Engineer: 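Take this structure first; my questions come after.
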Amino acid sequence: MSKKVIAFDLDDTLAVTKSAITDRMGDLLGKLLEKYNVCVISGGRFEQFEKQLLDNLYAEPEKLARLHLMPTCGTRYYRFDTKNNKWEQQYSEDLSEEDKELILKTLKEGAKKLGLWPDKPFGDVIEDRGSQITFSGLGQNAPAEEKYKWDPDGAKKHKIRDHVAQLLPHLEVRVGGTTSVDITKVGIDKAYGMKKLMEALDITKQEIFFIGDRLEEGGNDYPVKAAGIDCMQISHANETELAIEAIIGVS
């Protein structure tokens with residue numbers, strides 16, 4: 001494979017939504033890091049990356065130096081500093097306080113109007129992630145099994161996304177994870193993250209291969225596909241494990 005970077009979404013690509021990667025996935029990613037730069041770009045905060053990915057990824061500092069983390073859909077970028085043995089933020093495209101207030105108001109009013117605001121949420125329904133505001137249909141801490149039952153065909157997420165996008169044309173509104181809708185500055189999406197990665201590594205888009213589960217138009221992985229980067233759509237982390245095994249096998 002003539003690729004230098006293998007990039008992934010996190011939820012439902014590397015792991016079950018809001019859950020840690022499996023031991024098998026951690027082992028496969030460690031092997032992948034021996035030969036490739038690896039990028040993980042997803043809607044969660046950096047702290048969520050730590051819980052889901054880093055805590056179960058047993059890799060020495062030399063491998064971590066080839067791991068690129070892009071939380072909140074690429075609106076932030078972290079690299080591992082082997083000298084200081086810690087993750088360092090490279091940039092952060094934060095929303096203005098004015099936009100944050102408008103987003104919060106629009107999301108809450110829109111979800112209630114559409115009958116999609118939860119009566120008994122599991123944690124915060126709307127979360128301010130600094131560079132991204134995220135709506136979660138059942139609350140941030142809902143059990144995975146409840147999340148998968150809430151919107152199996154994606155219709156609810158797309159309904160909220162379409163409603164809010166019309167009211168916030170100066171912002172980027174995308175379908176996110178299993179129950180979520182993500183809002184960022186316009187043009188600051190996963191394609192933007194890939195562009196920043198290309199600049200950091202001095203590579204072209206032809207040298208990146210992306211694996212994700214939301215590559216449909218309006219999904220938060222779609223901008224990567226629209227940018228002309230080679231992509232593979234999967235529906236479960238088990239499929240990603242098979243894909244990594246194939247990449248390692250032919251490299």
Side-chain angles (χ1 to χ4, degrees), residues 1-14 32 36-46 48-49 52-53 66-79 89-96 99 103 129-135 154 157-158 160-162 164-166 168-178 180-235 240 243 247:
M1 177 179 285
S2 60
K3 303 294 183 183
K4 293 183 178 178
V5 176
I6 311 299
F8 302 91
D9 174 46
L10 180 52
D11 272 351
D12 294 321
T13 299
L14 292 178
L32 194 63
Y36 296 95
N37 279 274
V38 172
C39 176
V40 180
I41 181 168
S42 192
R45 295 173 179 264
F46 178 75
Q48 192 66 35
F49 277 54
Q52 289 188 257
L53 176 65
R66 292 194 289 274
L67 179 60
H68 307 262
L69 302 182
M70 293 187 165
T72 50
C73 293
T75 60
R76 296 186 179 191
Y77 177 23
Y78 290 81
R79 297 189 71 173
Q89 181 174 282
Q90 306 300 304
Y91 68 77
S92 181
E93 299 287 357
D94 290 340
L95 292 158
S96 69
D99 274 336
I103 293 167
R129 299 177 179 176
S131 52
Q132 176 179 292
I133 303 291
T134 295
F135 169 88
K157 294 190 297 292
H158 280 279
I160 296 174
R161 182 262 168 199
D162 292 346
V164 173
Q166 288 183 338
L168 300 175
H170 68 298
L171 295 168
E172 200 81 51
V173 186
R174 296 174 300 274
V175 169
T178 312
S180 64
V181 172
D182 301 322
I183 302 178
T184 65
K185 289 181 179 179
V186 69
I188 311 298
D189 52 22
K190 290 190 178 183
Y192 176 85
M194 292 296 98
K195 179 182 178 183
K196 299 295 281 188
L197 184 65
M198 285 185 269
E199 292 173 358
L201 297 179
D202 191 24
I203 60 173
T204 66
K205 63 184 179 182
Q206 287 78 21
E207 294 173 297
I208 300 175
F209 184 64
F210 178 83
I211 300 175
D213 70 311
R214 302 287 178 187
L215 286 162
E216 75 279 5
E217 190 166 359
N220 66 1
D221 294 330
Y222 178 75
V224 181
K225 179 180 178 180
I229 292 172
D230 288 338
C231 296
M232 173 186 287
Q233 177 147 342
I234 55 87
S235 58
T240 305
I247 291 169

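Hydrogens, waters and symmetry mates are skipped; everything else that's a heavy atom, side chains included, is used. Since we're looking at a predicted model, the values are computed, not measured.
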Engineer: Quick one, V181 and V164 - any side-chain contact, counting heavy atoms below 4.5 Å?
Structural biologist: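 The answer is no, as the side chains (C-beta and beyond) never meet within the 4.5 Å cut-off.
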Engineer: Side chain of Q48, backbone of R45: donor and acceptor closer than 3.5 Å?
Structural biologist: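 Not confirmed, Q48 side chain does not pair with R45 backbone.
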Engineer: What residues, two or more places apart in sequence or in another chain, satisfy side-chain contact (heavy atoms from CB on, under 4.5 Å) together with D94?
Structural biologist: R76, S92, S131
Engineer: Walk me through it: do I203 and N37 pass the test side-chain contact (heavy atoms from CB on, under 4.5 Å)?
Structural biologist: CA-CA 11 Å; I203 60 173; N37 279 274; over 6 Å; no
Engineer: Shortest non-hydrogen contact from H170 to D99?
Structural biologist: NE2-OD1, 2.8 Å
Engineer: Are the side chains of R214 and E216 in touch, meaning some heavy atoms are under 4.5 Å apart?
Structural biologist: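 A side-chain contact under 4.5 Å exists here.
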Engineer: Are the side chains of H68 and L201 in contact, using a 4.5 Å heavy-atom criterion?
Structural biologist: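 Sidechains of H68 and L201: in contact.
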Engineer: Is any NZ, NE, NH1 or NH2 atom of the basic residue among D9 and K190 found under 4.0 Å from an Asp or Glu carboxylate oxygen of the other?
Structural biologist: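 The answer is yes: the pair qualifies as a salt bridge.
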Engineer: Do M194 and V5 come within less than 4.5 Å of each other through their side chains, counting heavy atoms only?
Structural biologist: no
Engineer: Does Q206, at its CD atom, have more than 12 non-hydrogen atoms belonging to other residues, nucleotides or ligands within less than 6.0 Å?
Structural biologist: yes
Engineer: Check the side chains of T178 and D12 for a donor-acceptor pair under 3.5 angstrom, ignoring hydrogens and angles.
Structural biologist: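 Yes - a donor-acceptor pair under 3.5 Å links their side chains.
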Engineer: Within this structure, what is the CG-CG distance for the pair D202 and L197, rounded to the nearest 0.5 Å?
Structural biologist: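 CG of L197 is found 11.5 Å from CG of D202.
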Engineer: Flag the pair F210 / L215 as yes when at least one side-chain heavy-atom distance between them is below 4.5 Å, and no otherwise.
Structural biologist: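 Of all side-chain heavy-atom pairs linking L215 with F210, at least one is under 4.5 Å.
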Engineer: Apply side-chain contact (heavy atoms from CB on, under 4.5 Å) to E93 and T184, showing your working.
Structural biologist: CA-CA 9 Å; E93 299 287 357; T184 65; over 6 Å; no
Engineer: Nearest 0.5 Å, please: how far is NZ in K157 from CZ in F135?
Structural biologist: 11.0 Å
Engineer: When you measure from the side chain of K196 to the backbone N and O of Y77, does any donor-acceptor pair fall under 3.5 Å?
Structural biologist: no
Engineer: Could you pull out the closest heavy-atom pair between C73 and R174, with the gap in Å?
Structural biologist: CB-NH2, 3.8 Å
Engineer: Indicate whether the side chain of D221 and that of Q233 have a donor and an acceptor atom separated by less than 3.5 Å.
Structural biologist: no
Engineer: Quick check for you: to the nearest 0.5 Å, what is the distance between D213 atom CG and T13 atom OG1?
Structural biologist: 4.0 Å
Engineer: Would you check if I188 and E172 make a side-chain contact, meaning some heavy-atom pair closer than 4.5 Å?
Structural biologist: no
Engineer: Taking all heavy atoms of V173 and all of R161, pick out the closest pair and write down the distance.
Structural biologist: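 Heavy atoms of V173 and R161 come nearest at O-NE, 2.9 Å.
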Engineer: Show the nearest heavy-atom pair for residues C231 and V224, with the distance to one decimal.
Structural biologist: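 Looking at all heavy atoms of both residues, the closest pair is SG-CG1, 4.0 Å.
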Engineer: Could you tell me whether the side chain of F8 reaches within less than 4.5 Å of the side chain of L32, counting heavy atoms only?
Structural biologist: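 Answer yes - side chains close enough.
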Engineer: Using 0.5 Å steps for rounding, measure from the CZ atom of R66 to the NZ atom of K4.
Structural biologist: 14.0 Å
Engineer: Grab the two heavy atoms, one from D182 and one from N220, that are nearest each other, plus how far apart they are.
Structural biologist: OD2-ND2, 3.3 Å
Engineer: Could you report the tightest heavy-atom contact between A243 and M232, atom names first, then the distance?
Structural biologist: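 Heavy atoms of A243 and M232 come nearest at CB-SD, 3.8 Å.
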Engineer: For Y192 and Y91, take the angle between the two ring planes, folded into 0 to 90°, and tell me which bin it lands in: parallel under 30, tilted 30 to 60, perpendicular over 60.
Structural biologist: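 It falls in the perpendicular class, over 60°.
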Engineer: Just so I know, are the side chains of M70 and C39 near enough to count as touching, which here means a heavy-atom distance under 4.5 Å?
Structural biologist: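 They are in contact (side-chain heavy atoms under 4.5 Å apart), so the answer is yes.
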Engineer: Hey, is NZ on K185 packed in by over 12 heavy atoms from elsewhere, all under 6.0 Å?
Structural biologist: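 For K185, atom NZ is crowded (more than 12 foreign heavy atoms under 6.0 Å).
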Engineer: In Å, rounded to the nearest 0.5 Å, how long is the span from CD1 of I41 to CZ of F49?
Structural biologist: 7.5 Å
Engineer: For a side chain to side chain contact (heavy atoms under 4.5 Å, CB included) with I208, tell me which candidate from I229, I6, D230 qualifies.
Structural biologist: I229
Engineer: Say you draw a straight line from CG of L95 to CD1 of I133; how long is it, rounded to the nearest 0.5 Å?
Structural biologist: 6.0 Å
Engineer: Any donor-acceptor pair under 3.5 Å linking the side chain of Q132 with the backbone of G43?
Structural biologist: yes
